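Worksheet: the structure to be examined is printed underneath.
Source: prediction; values computed, not measured.
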There are 2 protein chains.
Amino acid sequence: MTKTKTTPSAQALPLNTILDGDCIEVMNGLPANSVDLIFADPPYNLQLRGDLHRPDNSQVDAVDDHWDQFASFEAYDRFTQDWLKAARRLLKPNGAIWVIGSYHNIFRVGAALQNAGYWILNDVIWRKSNPMPNFRGKRFTNAHETMIWASKEEGAKYTFNYEALKALNEGVQMRSDWVIPLCTGHERLKDEKGDKAHPTQKPEALLHRVLVGSTNPGDVVLDPFFGTGTTGAVAKMLGRDWIGIEREEAYRKAATARLAKVRKFDREALQVSASKRAEPRVPFGQLVERGMLRPGEALYSPRGKIAKVRADGTLIGEDVKGSIHQVGAHLEGAPSCNGWTYWCFKRDGKTVPIDVLRQQIRAEMQA
Amino acid sequence: MTKTKTTPSAQALPLNTILDGDCIEVMNGLPANSVDLIFADPPYNLQLRGDLHRPDNSQVDAVDDHWDQFASFEAYDRFTQDWLKAARRLLKPNGAIWVIGSYHNIFRVGAALQNAGYWILNDVIWRKSNPMPNFRGKRFTNAHETMIWASKEEGAKYTFNYEALKALNEGVQMRSDWVIPLCTGHERLKDEKGDKAHPTQKPEALLHRVLVGSTNPGDVVLDPFFGTGTTGAVAKMLGRDWIGIEREEAYRKAATARLAKVRKFDREALQVSASKRAEPRVPFGQLVERGMLRPGEALYSPRGKIAKVRADGTLIGEDVKGSIHQVGAHLEGAPSCNGWTYWCFKRDGKTVPIDVLRQQIRAEMQA
DNA sequence: TAACAGTTTGAATCCAACG
DNA sequence: GCGTTGGATTCAAACTGTT
């Protein structure tokens with residue numbers, strides 16, 4: 001259902017519809033100072049070279065869409081400046097914007113935001129619980145994306161539902177790093193052939209937290225890179241009005257079908273942000289990094305065997321090196337060994353199990 | 001102890017010392033292409049907040065302060081461009097840089113890095129396990145800082161000790177988000193009055209991971225914003241040479257005292273898990289030459305395919321001949337194949353991977 | 001049905017030595 | 001310098017098929 005509101009400029013605001021076209025042109029045709037929140041997932045300008053294969057030789061399905069290609073950093077910057085300017089015009093004085101990106105583009109976007117007069121409130125890290133690994137072992141697993149939250153200008157009275165977010169976070173204030181899984185399973189839209197309908201569909205849990213935290217029911221949320229409509233879907237569930245802009249027909253079609261099925265106040269949608277808490281895994285190497293054990297220091301087995309700690313958190317014994325578990329198993333001639341309970345270190349003449357140090361770290365993490 | 005090395009430019013590199021002065025001037029006085037790694041913790045430019053004054057000391061009109069904000073950003077950008085340029089000149093061709101910052105400055109730094117020709121390898125999130133809460137409840141708890149890791153240029157062969165980092169992380173590859181506590185307790189340097197000696201002292205655990213991951217023992221590490229010397233302290237422990245630049249005398253003094261107390265770890269402890277790529281290459285033909293496999297002998301694939309060994313160390317299958325890798329890839333219809341782990345031979349009725357023979361040869365080479 | 005094993009997949013700037 | 005070739009490289013979660 002589409003409704004319209006009258007704005008100060010007397011232009012109609014096409015609420016709860018997907019607009020077809022280039023986002024800059026479309027935004028320039030909408031009334032100024034009319035939108036409460038903008039959520040933008042612009043092209044990341046990935047610069048992929050050749051193909052990438054997994055160790056099992058299967059090929060990675062890369063983001064090689066034409067809309068992600070830019071000729072140069074300069075071209076990407078011009079595009080970014082243009083859409084950010086058009087977006088800022090639409091925002092109400094106390095409106096705000098979220099932009100998501102990766103290291104390929106987010107630094108340019110952040111600088112452009114500041115240059116355009118936006119005022120950064122936080123950068124928020126989406127920590128992926130199940131990221132794609134680095135298959136060639138040449139870099140760190142790319143396990144996060146960055147979101148920037150900014151008001152229209154310094155001093156604006158932006159919306160921040162502190163208590164709602166605190167409630168979402170088991171009673172403690174929400175941090176700038178959010179652990180949320182990738183969009184997979186039933187939530188991931190498929191096309192007729194069963195392939196993913198959009199290469200970079202964002203999880204609803206992410207938008208849920210954004211919209212609960214920085215909008216109120218009845219607010220107008222605009223997404224200039226609507227894609228398959230995650231922003232619209234979550235806005236609708238949460239009773240916000242939304243406007244999408246998307247120039248690819250296939251995406252508009254998928255988003256339209258998706259949005260028709262969405263119901264306001266869907267229970268499931270409210271549950272998506274609930275996360276389970278497990279005992280955090282503590283790598284032994286952290287004890288070394290944190291100086292709780294020093295490289296070169298000796299560890300002692302129950303039967304008096306000795307191994308030395310190395311800088312990378314492995315142990316070296318008489319004729320064996322490896323993890324605390326591997327070296328323990330080797331010394332005992334056992335198939336496996338829990339190094340945490342097996343090894344001890346010495347402090348002030350006393351012998352102390354290393355597991356004590358792990359518990360210290362866990363206590364810190366929970367605090 | 002100070003030592004110096006002769007560089008191609010015949011200028012002395014003042015190793016393991018703290019240099020007094022403006023980092024740009026000092027860096028410009030050091031020899032080009034002489035440093036393996038730069039770790040930089042530049043000023044965050046927080047003085048953009050609060051009252052803004054023009055150079056003539058008149059106060060900025062709050063109504064249209066965008067121009068002045070932009071001017072301030074411009075000044076910060078010029079500073080950033082200048083020190084990044086000076087730093088890049090110092091880097092060896094395969095050198096790399098790490099820069100740490102917060103949302104106040106990191107976007108400008110990241111864009112400047114890209115503009116200066118650096119090639120971003122990862123952005124890494126330092127996730128603080130014990131961040132300062134947001135007291136006013138107006139924003140998210142600022143619980144992280146961002147680090148950018150970049151090589152001198154695209155295609156450079158940067159150092160990445162993948163296996164060591166994997167070992168530090170309990171056997172799974174290191175991700176781009178690192179959970180490390182703030183620098184507190186006995187590690188936090190205090191001045192004579194008992195106040196913290198430096199407002200933003202970084203934890204040694206952070207530098208430990210950076211240096212283990214992206215340098216080797218004996219490398220030269222430079223920190224142009226040395227502060228109280230965390231970079232130097234960890235570099236010294238890990239057997240890396242270091243150079244610090246710091247213009248505040250109080251920080252230099254604190255760092256000097258700190259570094260005098262630091263002890264290098266045992267040589268054995270600095271040995272770190274190595275990649276298989278570092279192992280010596282063994283031509284398959286050697287197995288034939290040495291009589292470990294005989295020409296005409298059959299090798300078996302996991303799925304029962306057979307190929308015969310030829311006198312020159314190539315294989316011949318049903319409709320293909322070539323190296324162990326080429327024939328394996330062809331039989332699997334795969335883009336590539338590691339023939340060493342793919343093929344087996346038979347001895348006394350048992351099926352044995354040919355990689356066992358390679359390991360025998362490598363063991364002999366070491367003896 | 002439930003438990004278990006094997007398969008698939010996700011915004012990726014993903015090789016290096018040798019001839 | 002560049003083309004060729006050897007051979008190293010993956011984690012979590014959802015899904016599919018079998019017992």
Side-chain angles (χ1 to χ4, degrees), chain A residues 41-65 67-70 73 100-106 126 128-146 179 181-188 190 194-196 198-203 225 227 281, chain B residues 94 114 118-123 150-151 154-158 160 162-163 166 169-176 275-285 313-314 322-329 334-343 354-355 358:
Chain A
D41 182 10
Y44 285 9
N45 190 26
L46 301 186
Q47 295 155 61
L48 305 177
R49 300 294 187 248
D51 291 342
L52 179 64
H53 292 91
R54 297 185 171 83
D56 67 1
N57 275 324
S58 63
Q59 190 169 343
V60 174
D61 184 15
V63 177
D64 53 4
D65 305 74
W67 48 256
D68 198 48
Q69 318 284 336
F70 290 82
F73 280 137
I100 185 168
S102 67
Y103 67 84
H104 310 84
N105 72 323
I106 198 65
W126 170 25
K128 303 177 183 182
S129 57
N130 53 344
M132 182 155 67
N134 185 291
F135 295 114
R136 308 300 293 267
K138 302 310 290 183
R139 303 185 178 189
F140 298 98
T141 309
N142 220 323
H144 75 275
E145 291 185 28
T146 301
V179 180
L182 294 171
C183 180
T184 60
H186 298 301
E187 190 185 321
R188 189 82 195 224
K190 302 291 197 306
D195 298 328
K196 54 191 175 193
H198 191 283
T200 70
Q201 187 182 340
K202 297 293 175 286
F225 307 97
R281 185 180 52 87
Chain B
N94 294 329
Q114 292 178 312
Y118 291 94
W119 190 249
I120 297 181
L121 300 168
N122 275 115
D123 59 337
S151 61
E154 183 181 0
K157 291 175 191 164
Y158 54 91
F160 185 57
Y162 176 76
E163 290 294 340
K166 192 171 170 179
N169 197 35
E170 193 96 321
V172 295
Q173 64 179 207
M174 190 69 80
R175 299 168 38 120
S176 59
S275 154
K276 284 185 197 166
R277 280 186 258 255
E279 303 255 349
R281 186 174 285 194
V282 176
F284 176 73
T314 57
S323 71
I324 52 173
H325 315 294
Q326 289 167 334
V327 175
S336 71
C337 170
N338 184 343
W340 289 107
T341 54
Y342 180 79
W343 294 105
I354 61 173
D355 203 32
R358 180 169 68 160

Which residues pass the side chain to side chain contact (heavy atoms under 4.5 Å, CB included) test with [X], sequence neighbours left out?
{"X": "His325(B)", "result": "Ser323(B), Asn338(B), Trp340(B)"}
{"X": "Gln69(A)", "result": "none"}
{"X": "Asp65(A)", "result": "Val63(A), Trp67(A), Pro199(A), Tyr251(A)"}

Under 4.0 Å, counting only non-hydrogen atoms across every strand here, what does [X] touch: a base, just sugar-phosphate, or nothing?
{"X": "Ser102(A)", "answer": "nothing"}
{"X": "Ile120(B)", "answer": "base"}
{"X": "Gly50(A)", "answer": "base"}
{"X": "Pro42(A)", "answer": "base"}
{"X": "Asp123(B)", "answer": "nothing"}
{"X": "Asn45(A)", "answer": "nothing"}
{"X": "Lys202(A)", "answer": "base"}
{"X": "Arg175(B)", "answer": "nothing"}
{"X": "Gln201(A)", "answer": "nothing"}
{"X": "Gln326(B)", "answer": "sugar-phosphate"}
{"X": "Cys337(B)", "answer": "base"}

>> With the threshold set at under 4.0 Å for non-hydrogen atoms, list the residues of residues 132-144 of chain A touching DNA chain D in residue-number order.
In response: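 Hits under 4.0 Å, by residue number: Pro133(A), Asn134(A), Phe135(A), Arg136(A).
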
Where the side chain of [X] is concerned, which of [options] is the nearest nucleotide?
{"X": "Arg281(B)", "options": "dA11(C), dG10(C), dC18(C)", "answer": "dC18(C)"}
{"X": "Thr184(A)", "options": "dT10(D), dA17(C), dA14(D)", "answer": "dA14(D)"}
{"X": "Ser275(B)", "options": "dA11(C), dT9(D), dA14(D)", "answer": "dT9(D)"}
{"X": "Leu182(A)", "options": "dG10(C), dA17(C), dC11(D)", "answer": "dG10(C)"}
{"X": "Ser58(A)", "options": "dT9(D), dT9(C), dA14(D)", "answer": "dT9(C)"}

> At their closest point, which heavy atom of Gln201(A) faces which heavy atom of Glu187(A), and how far apart are they?
Replying inline: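 Gln201(A) and Glu187(A) have their closest heavy atoms at NE2-O, 3.0 Å.
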
> Shortest non-hydrogen contact from Arg281(A) to Val172(B)?
Replying inline: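 Nearest heavy atoms, Arg281(A) then Val172(B): NH2-CG2, 3.9 Å.
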
Starting at atom [atom1] of [X], determine the distance to atom [atom2] of [N], rounded to an integer number of angstrom.
{"X": "Gln173(B)", "N": "dA12(D)", "atom1": "CD", "atom2": "P", "answer": "9 Å"}
{"X": "Asp56(A)", "N": "dT9(D)", "atom1": "CG", "atom2": "P", "answer": "15 Å"}
{"X": "Glu279(B)", "N": "dA8(D)", "atom1": "CD", "atom2": "C1'", "answer": "12 Å"}
{"X": "Leu52(A)", "N": "dA11(C)", "atom1": "CG", "atom2": "C1'", "answer": "13 Å"}
{"X": "His53(A)", "N": "dT9(C)", "atom1": "NE2", "atom2": "C1'", "answer": "15 Å"}
{"X": "Gln59(A)", "N": "dT8(C)", "atom1": "CD", "atom2": "P", "answer": "15 Å"}
{"X": "Lys196(A)", "N": "dT9(C)", "atom1": "NZ", "atom2": "C1'", "answer": "8 Å"}
{"X": "Asn57(A)", "N": "dT8(C)", "atom1": "CG", "atom2": "P", "answer": "13 Å"}

Is there a side-chain contact between [X] and the phosphate of [N], meaning an N or O under 4.0 Å from OP1 or OP2?
{"X": "Ser323(B)", "N": "dG6(D)", "value": "yes"}
{"X": "Tyr162(B)", "N": "dT10(D)", "value": "yes"}
{"X": "His325(B)", "N": "dG6(D)", "value": "no"}

For a quick test of your reading: what N or O donor-acceptor pairs under 3.5 Å do the side chains of residues 41-50 of chain A make, sequence neighbours left out?
from     : atom 1 : to        : atom 2 : distance (Å)
Asp41(A) : OD2    : Lys202(A) : NZ     : 3.0
Tyr44(A) : OH     : Glu145(A) : OE1    : 2.5
Gln47(A) : NE2    : Asn45(A)  : O      : 3.4
Arg49(A) : NE     : Glu154(B) : OE2    : 3.0
Arg49(A) : NH1    : Gln47(A)  : O      : 3.4
Arg49(A) : NH2    : Glu154(B) : OE1    : 3.2
Arg49(A) : NH2    : Glu154(B) : OE2    : 2.2

>> With nearest nucleotide decided by heavy atoms, which residue, Lys157(B) or Gln47(A), maps closer to the 5′ end of DNA chain C?
In response: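 So the residue in question is Gln47(A).
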
> Who pairs with Thr314(B) by side chain to side chain donor-acceptor pair (under 3.5 Å), at least two apart in sequence or on another chain?
Replying inline: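 Thr314(B): side chain to side chain donor-acceptor pair (under 3.5 Å) contacts with Arg310(B), Asp312(B).
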
> Who are the side chain to side chain donor-acceptor pair (under 3.5 Å) partners of Tyr118(B), not counting sequence neighbours?
Replying inline: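 None.
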
> With no angle test and no hydrogens, is the base of dG10(C) tied to the side chain of Arg54(A) by a donor-acceptor pair under 3.5 Å?
Replying inline: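 Answer is yes: a donor-acceptor pair is held.
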
> Donor-acceptor pair under 3.5 Å: do we get one between Ser129(A)'s side chain and the base of dA13(D)?
Replying inline: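 Under the 3.5 Å cut-off, the side chain and the base do not form any donor-acceptor pair.
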
>> According to salt bridge (charged side-chain N to carboxylate O under 4.0 Å, His left out), who are the partners of Lys166(B), at least two apart in sequence or on a separate chain?
In response: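 Result, salt bridge (charged side-chain N to carboxylate O under 4.0 Å, His left out) vs Lys166(B): none returned.
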
> Of all residues at least two apart in sequence or in a different chain, which pass the ring pair (Phe, Tyr, Trp, His ring centres under 6.0 Å) check with Phe135(A)?
Replying inline: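 Applying ring pair (Phe, Tyr, Trp, His ring centres under 6.0 Å) to Phe135(A) gives none.
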
>> According to ring pair (Phe, Tyr, Trp, His ring centres under 6.0 Å), who are the partners of Phe70(A), at least two apart in sequence or on a separate chain?
In response: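 Only Tyr76(A), Phe79(A) meet the ring pair (Phe, Tyr, Trp, His ring centres under 6.0 Å) criterion with Phe70(A).
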
Taking the side chain from [X] and the backbone from [Y], do they hold a donor-acceptor pair closer than 3.5 Å?
{"X": "Asn142(A)", "Y": "Pro131(A)", "answer": "no"}
{"X": "Tyr162(B)", "Y": "Arg136(A)", "answer": "no"}
{"X": "Asn57(A)", "Y": "Ala334(B)", "answer": "no"}

Can you check nucleotides 1-6 of chain C for protein contacts, nitrogen or oxygen pairs under 3.5 Å, and list what you find?
none

For [N] versus [M], give the span between their [atom1] atoms, rounded off to a whole number of Å.
{"N": "dG6(D)", "M": "dC14(C)", "atom1": "P", "result": "23 Å"}
{"N": "dA12(C)", "M": "dA8(D)", "atom1": "P", "result": "26 Å"}
{"N": "dG7(D)", "M": "dG10(C)", "atom1": "C1'", "result": "26 Å"}

> Rounded to the nearest 0.5 Å, what separation is found between the CD1 atom of Ile106(A) and the CD1 atom of Ile120(B)?
Replying inline: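 The CD1 atom of Ile106(A) sits 11.5 Å away from the CD1 atom of Ile120(B).
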
> Pairing of DNA chain C as dot-bracket, 5' to 3': ( ) intra-strand, [ ] crossing, | other strand, . unpaired, with Watson-Crick or G-U pairs under 3.5 Å?
Replying inline: .|||||||||....|||||

> For His186(A) and Pro131(A), take the nucleotide of DNA chain D holding the closest heavy atom to each; which residue's nucleotide lies nearer the 5' end?
Replying inline: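 By nearest-heavy-atom nucleotide position, the 5'-most residue is Pro131(A).
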
